[in-house]
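It should be emphasised that the depicted structure is a prediction, and the values quoted were computed from it without experimental measurement. Proteins come first, then strands; the chains are lettered A, B, ... in the order of their sequence lines, and each starts at number 1.
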Amino acid sequence: MDTVVRFAPSPTGQVHIGNIRTAIFNWLFARHCGGRFLLRIEDTDLERSTRQAIDTLLQCMDWLALSFDGEIMYQTSQREAHINAANQMIAKGLAYAAPPPEGGLSPIFFRIPWDCRDFAAIRDVGPAELELHPETPVKIDFTGVSFSTVSKKGAPMPAAACLAGFRQMKLYDSKGNVVFELEKEIDGIIRDKQPFTLNSCVKMTFMRREIFYKDIIKGELSKPLDGIKDLIMVRSDGSPVFHLANVVDDVTQNVTHIIRGDDHVENTYRHIMLFYALGRKPPEYAHLPMIVNSSGKPYSKRDGDAFVGDFREKGFLAEALFNYLALLGWSPGDDREKMTKQEMIEAFTLERVKSAPAQLDSNKLLNMNGAYIAEMPFEKFVDYAGNYAGNFSKDVKFEQVARLMQSRVKQFGQVATWKYFFSDDFPVDEKVFKKQLASAEARAALGFLAGELNSRSELTKEWLHGIISKAEENFGIAHGKLFQPLRLTVSGAAGGAELDETIMLIGGSRCAARISRSLEIYQKEASPGE
RNA sequence: GUCCCUAUCGUCUAGAGGCCUAGGACACCGGGUUUUCAUCCCGGCAACGGGGGUUCGAAUCCCCCUGGGGAUGCCA
């Protein structure tokens with residue numbers, strides 16, 4: 001059978017970084033196997049799902065080149081199939097309607113099957129024994145069992161689970177007499193909805209069973225049935241719940257591998273039973289570790305930084321973000337990090353995915369983005385940078401500036417700092433400004449340079465180097481030490497491109513004016529009140 | 001509370017009982033190239049959470065503890 005995976009987000013707002021990482025892993029896996037990568041939009045939460053959110057999602061996927069196969073499936077369009085599936089399960093005795101707590105309409109529950117012969121994922125663990133709190137009655141009815149165990153301090157600890165969790169259950173009174181045997185009553189309980197309430201029980205014994213499966217990433221996982229409750233499949237308003245819709249859609253789309261976030265591990269046990277109840281073998285599962293923020297906490301929907309759109313706006317390249325995200329929780333096993341999509345596809349296997357949560361390191365992302373920017377074809381770089389340059393991108397020398405800056409840009413948002421090439425109105429680093437102009441010699445040398453720059457119409461590198469050397473000599477400044485103050489007065493920044501070229505691009509007289517202005521400002525601030 | 005998952009440098013990771021004196025990358029700190037900035041090159045700092053086992057031998061297997069995460073919804 002061909003491999004089929006799906007990305008099944010619910011469109012309820014921005015696209016989260018963890019979400020898109022799930023899409024990336026699904027995509028990588030599908031392309032590696034030569035399988036199909038489907039997109040299913042789980043829009044059943046009518047309150048929160050919006051068309052805008054769907055558009056945002058599609059844009060993000062398109063931006064990252066996460067191409068999907070076939071048509072998009074909108075979950076709301078499958079409602080009939082969901083309800084049919086529920087009815088089919090009721091007919092087979094695998095589900096039931098239960099009266100809601102305070103009258104009203106009945107939700108439909110899936111019954112964790114008492115008899116699990118057709119459910120290969122369930123097995124016996126062994127006999128179990130529980131100490132019960134005698135003051136809490138044990139209640140047993142067709143929806144399950146509820147009781148209280150005893151905490152270390154002797155307090156009642158309420159617990160409730162499905163009937164199926166308690167095969168061969170026996171209840172004992174304080175004298176050790178068996179007061180109830182579930183096996184003898186189970187038919188009446190399930191068929192006739194006969195309820196039981198047993199008081200003053202102190203002990204319960206039963207055969208513990210568990211549901212298990214092998215997660216491709218996490219290995220074998222299991223959970224005892226006495227820790228699981230029957231689950232609601234259809235709400236009392238008649239709408240299908242996530243679990244039902246999700247599984248039914250996976251069945252209709254013939255999904256073979258479910259790759260999703262760690263937070264679904266617990267749901268998987270129920271989903272597996274739903275697959276069996278629908279007469280299907282469950283697919284393979286792979287649960288991805290979560291991505292956490294720099295303080296080690298999971299990104300909440302409120303973490304503005306974690307939206308794909310934000311990374312795009314700040315000037316991250318889709319290829320870089322893709323590459324970085326792919327490396328969060330996965331590695332090819334050798335020392336490669338910067339990889340092409342094709343290389344990632346070839347190297348990608350779920351077995352190599354880690355199972356511990358990963359922290360997003362913005363430094364590393366930035367570095368990778370810089371590496372991708374550095375190797376962009378120049379024309380593309382200019383084009384891209386133009387989007388972040390505001391109106392000075394229209395300047396004729398924009399391209400020359402871009403040529404100077406490409407190797408320095410790590411994130412296109414930084415293009416905004418190129419402003420000093422085009423306008424006299426640029427921010428100045430105050431702290432560095434004071435430090436660099438503190439020396440009287442430097443200020444005198446700058447004054448001299450301003451004069452020279454003003455008197456010269458044609459600038460060349462040679463002339464600039466000569467004049468700077470001369471200034472250093474004249475005012476007793478160590479070789480190379482005048483560059484910093486000069487750079488600062490001319491550009492306002494401590495770093496930048498080659499100074500000679502920078503000055504030539506800005507223009508001699510303009511630089512001279514900036515130097516003079518800086519000297520004036522420094523004088524004023526150094527001697528206030530004069 | 002209960003259940004489940006998880007644990008290697010600050011961060012992402014390599015590591016399947018001897019190849020580990022624990023490797024790579026980012027960040028950081030030095031040095032070189034550039035009279036300045038960035039790139040580039042060289043070097044440095046830096047980790048197996050703690051305690052018990054198993055074994056001739058443990059980062060690797062088991063148990064306990066601790067830390068972190070998740071689940072415990074008529075959300076998805």
Side-chain angles (χ1 to χ4, degrees), chain A residues 8-12 42-45 47-49 75 100-101 104-109 149 151-153 155 157-161 215 218-219 221-224 226-229 231-243 245-246 260-269 287 289-290 292 294 296-298 324 327-338 352 354-368 370-371 374 404-410 465 468-469 472 478-488 491 493-502:
Chain A
S10 40
T12 55
E42 304 212 330
D43 53 352
T44 45
D45 187 342
E47 294 281 306
R48 297 193 296 147
S49 298
Q75 191 157 63
L105 295 165
S106 305
I108 297 173
F109 279 78
T149 55
S151 78
K152 281 172 196 159
K153 291 174 187 164
M157 302 275 299
D215 191 284
K218 295 172 117 44
L221 261 20
S222 64
K223 177 145 183 153
D226 52 302
I228 306 178
K229 287 190 230 176
L231 65 135
I232 291 174
M233 293 191 296
V234 181
R235 297 186 189 90
S236 44
D237 68 0
S239 63
V241 165
F242 159 71
H243 304 291
N246 192 262
R260 52 165 33 162
D262 230 349
D263 48 336
H264 282 294
V265 169
E266 300 271 329
N267 290 334
T268 303
Y269 301 112
H287 286 96
M290 308 298 268
V292 296
S294 52
K297 298 288 173 195
Y324 179 75
L327 255 23
L328 231 41
W330 174 80
S331 77
D334 46 41
D335 287 337
R336 284 180 297 168
E337 291 201 332
K338 191 162 172 296
R352 288 205 57 82
K354 290 241 308 178
S355 65
Q359 222 175 79
L360 187 131
D361 180 0
S362 48
N363 270 326
K364 189 151 183 166
L365 207 207
L366 206 55
N367 180 276
M368 183 163 281
L404 225 49
M405 300 305 275
Q406 180 166 5
S407 70
R408 282 157 245 264
V409 176
K410 299 230 177 270
H465 286 201
I468 292 170
S469 291
E472 286 171 339
H479 200 47
K481 294 293 181 204
L482 191 53
F483 276 77
Q484 293 272 1
L486 179 56
R487 176 186 292 285
L488 199 78
S491 74
E498 287 81 358
L499 229 205
D500 47 10
E501 298 196 51
T502 301

Can you tell me if [X] touches the phosphate of [N], counting only side-chain N or O atoms and a distance under 4.0 Å to OP1 or OP2?
{"X": "A:R235", "N": "B:A76", "result": "yes"}
{"X": "A:R352", "N": "B:A14", "result": "yes"}
{"X": "A:S236", "N": "B:C74", "result": "no"}

Return the value, rounded to whole Å, for the distance between atom [atom1] of [X] and atom [atom2] of [N].
{"X": "A:D237", "N": "B:C75", "atom1": "CG", "atom2": "P", "value": "8 Å"}
{"X": "A:L366", "N": "B:U11", "atom1": "CG", "atom2": "C1'", "value": "14 Å"}
{"X": "A:L231", "N": "B:C75", "atom1": "CG", "atom2": "P", "value": "13 Å"}
{"X": "A:R336", "N": "B:U13", "atom1": "CZ", "atom2": "P", "value": "17 Å"}
{"X": "A:K338", "N": "B:C26", "atom1": "NZ", "atom2": "C1'", "value": "15 Å"}
{"X": "A:K354", "N": "B:C12", "atom1": "NZ", "atom2": "P", "value": "8 Å"}
{"X": "A:D45", "N": "B:C74", "atom1": "CG", "atom2": "C1'", "value": "12 Å"}
{"X": "A:N367", "N": "B:G10", "atom1": "CG", "atom2": "P", "value": "20 Å"}

Check: B:C5 base within 3.5 Å donor-acceptor of A:S355 side chain: no
So, under a plain 3.5 Å distance rule, would you say the side chain of A:D263 forms a donor-acceptor pair with the base of B:A76? no
[atom1] atom, [N] versus [M]: distance in rounded Å?
{"N": "B:G24", "M": "B:A46", "atom1": "C1'", "result": "14 Å"}
{"N": "B:C9", "M": "B:A27", "atom1": "C1'", "result": "12 Å"}
{"N": "B:A47", "M": "B:G23", "atom1": "P", "result": "11 Å"}

Of A:S331 and A:D43, whose closest RNA chain B nucleotide lies nearer the 5' terminus? A:S331
So what does A:G227 hit on the nucleic acid, given a heavy-atom distance under 4.0 Å: a base, only sugar-phosphate, or nothing?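 Touches nothing.
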Paired with B:U72: which nucleotide, if any, by Watson-Crick or G-U wobble criteria at under 3.5 Å for both distances?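 Answer to the pairing question: B:G1, which forms a Watson-Crick or G-U pair with B:U72.
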My understanding is that a pair needs two contacts under 3.5 Å, Watson-Crick or G-U wobble. By that rule, which nucleotide pairs with B:A7?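 Result: B:U66.
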Near RNA chain B, which residues from residues 481-488 of chain A have a heavy atom under 4.0 Å away?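 Of all residues in residues 481-488 of chain A, the ones placing a heavy atom under 4.0 Å from RNA chain B are A:F483, A:Q484, A:R487.
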Decide yes or no for A:Y269 and A:L221: does some side-chain heavy atom of the first lie under 4.5 Å from some side-chain heavy atom of the second?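 The answer is yes; the side chains approach within 4.5 Å.
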Under 4.0 Å between a side-chain nitrogen and a carboxylate oxygen: does that hold for A:R336 and A:D334? yes
So which nucleotide from B:A76, B:A27, B:G69 ends up closest to the side chain of A:M290?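 Out of B:A76, B:A27, B:G69, the nucleotide with an atom closest to A:M290's side chain is B:G69.
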Between B:G10, B:C4, B:A76, which nucleotide has the shortest distance from any of its atoms to the side chain of A:D361? B:G10
